[in-house]
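Okay, so here's the structure we're looking at.
What you see is a predicted model, and the numbers here were worked out from it, not measured in a lab.
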Amino acid sequence: MLMNLFGTSDYDRSLRRRRLMALGLLAVGVTGIACYLFLIHGSQVLSDYARGFYLGAASGISIGAVILLVRVQYLLTHPEARKKAKIQAQDEREKAIIDQAFQFAGMFTFFAAVASMFVLVAVSKAAALAVFGVIVVYAVSWPLASLYLSKKL
């Protein structure tokens with residue numbers, strides 16, 4: 001999916017853009033870790049759960065960015081691996097599998113969120129409203145994406 005998002009007719013250029021994206025994600029992750037260490041770590045205002053969330057999210061983003069950066073850098077420096085990855089990215093069967101997986105995951109997430117509303121309304125109004133917000137974002141973004149893609153493709 002990242003290949004489609006950052007894909008251009010020039011595969012090398014696409015890889016360089018992904019490298020910049022990985023560096024940006026790494027900057028976000030490092031900023032989150034710095035905020036945790038200097039602002040949140042000793043804070044008594046936030047719960048242990050909130051402090052753990054900051055550390056976990058920042059660490060996860062940083063690790064994911066490093067993995068992406070290493071992979072892209074590997075592809076940029078090894079022509080045979082780059083050629084193989086380019087062929088795989090342009091494979092129609094692979095694209096169809098990825099598209100179907102995203103469709104299934106999106107629909108499953110939507111219906112799971114709607115089903116969870118039945119439990120959350122009885123337990124926590126704030127949590128129910130948060131999940132309702134996710135449902136609304138999905139319901140609004142799907143027709144907008146469909147409209148955009150029908151014009152673009």
Side-chain angles (χ1 to χ4, degrees), residues 1-8 10-78 81-82 84-86 88-89 91 94-146 148-149:
M1 194 64 188
L2 280 177
M3 295 221 184
N4 294 338
L5 183 62
F6 287 93
T8 65
D10 182 8
Y11 190 69
D12 290 342
R13 185 174 178 202
S14 171
L15 288 174
R16 288 190 297 275
R17 284 184 180 177
R18 275 187 259 158
R19 182 174 49 192
L20 288 175
M21 183 190 70
L23 289 171
L25 281 173
L26 185 59
V28 169
V30 168
T31 301
I33 291 172
C35 287
Y36 172 79
L37 292 175
F38 298 116
L39 301 174
I40 297 169
H41 180 62
S43 172
Q44 299 302 320
V45 176
L46 295 175
S47 67
D48 288 340
Y49 174 78
R51 288 193 304 262
F53 175 80
Y54 274 93
L55 181 60
S59 299
I61 291 170
S62 297
I63 291 168
V66 167
I67 290 170
L68 179 62
L69 186 60
V70 167
R71 167 113 170 107
V72 169
Q73 193 60 39
Y74 175 78
L75 291 175
L76 283 169
T77 57
H78 293 82
R82 181 174 50 239
K84 186 176 178 182
K86 181 179 179 180
Q88 184 180 9
D91 181 32
E94 191 74 26
K95 287 180 181 180
I97 290 171
I98 290 171
D99 289 344
Q100 288 292 323
F102 270 104
Q103 286 178 0
F104 175 78
M107 290 308 296
F108 181 81
T109 302
F110 179 80
F111 286 115
V114 171
S116 72
M117 291 286 295
F118 287 105
V119 174
L120 290 175
V121 166
V123 176
S124 170
K125 182 180 178 181
L129 288 174
V131 171
F132 181 71
V134 171
I135 292 168
V136 168
V137 167
Y138 182 87
V140 169
S141 65
W142 184 82
L144 290 176
S146 179
Y148 172 76
L149 291 173

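Atom NZ of K86 is separated from atom CG of D10 by 7.5 Å, given to the nearest 0.5 angstrom. Atoms CG and CG, from L25 and L20 in turn, are 11.5 Å apart once rounded to the nearest 0.5 Å. Atoms CD1 and CG, from I63 and L26 in turn, are 11.0 Å apart once rounded to the nearest 0.5 Å.
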Review item, side-chain donor-acceptor pairs of residues 134-143, under 3.5 Å, at least two apart:
residue : atom : partner : partner atom : Å
S141    : OG   : V137    : O            : 2.9
S141    : OG   : Y138    : O            : 3.3

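Within 6.0 Å of CZ in F110 there are more than 12 heavy atoms belonging to other residues, nucleotides or ligands. The environment of OH in Y36 is crowded: more than 12 heavy-atom neighbours from other residues, nucleotides or ligands sit within 6.0 Å.
Of all non-hydrogen atoms in R19 and L76, the two that sit nearest each other are NH1-CD1, 3.5 Å. The shortest heavy-atom contact between G32 and A58 is C-CB, 3.5 Å. Residues A85 and L75 share a closest heavy-atom pair of CB-CD2, 3.9 Å.
Residues L120 and K125 fail the side-chain proximity criterion, which asks for heavy atoms closer than 4.5 Å.
Applying the side chain to side chain donor-acceptor pair (under 3.5 Å) rule to R16 yields no partners; only residues at least two apart in sequence or on another chain are considered.
A donor-acceptor contact closer than 3.5 angstrom links the side chains of S14 and R18.
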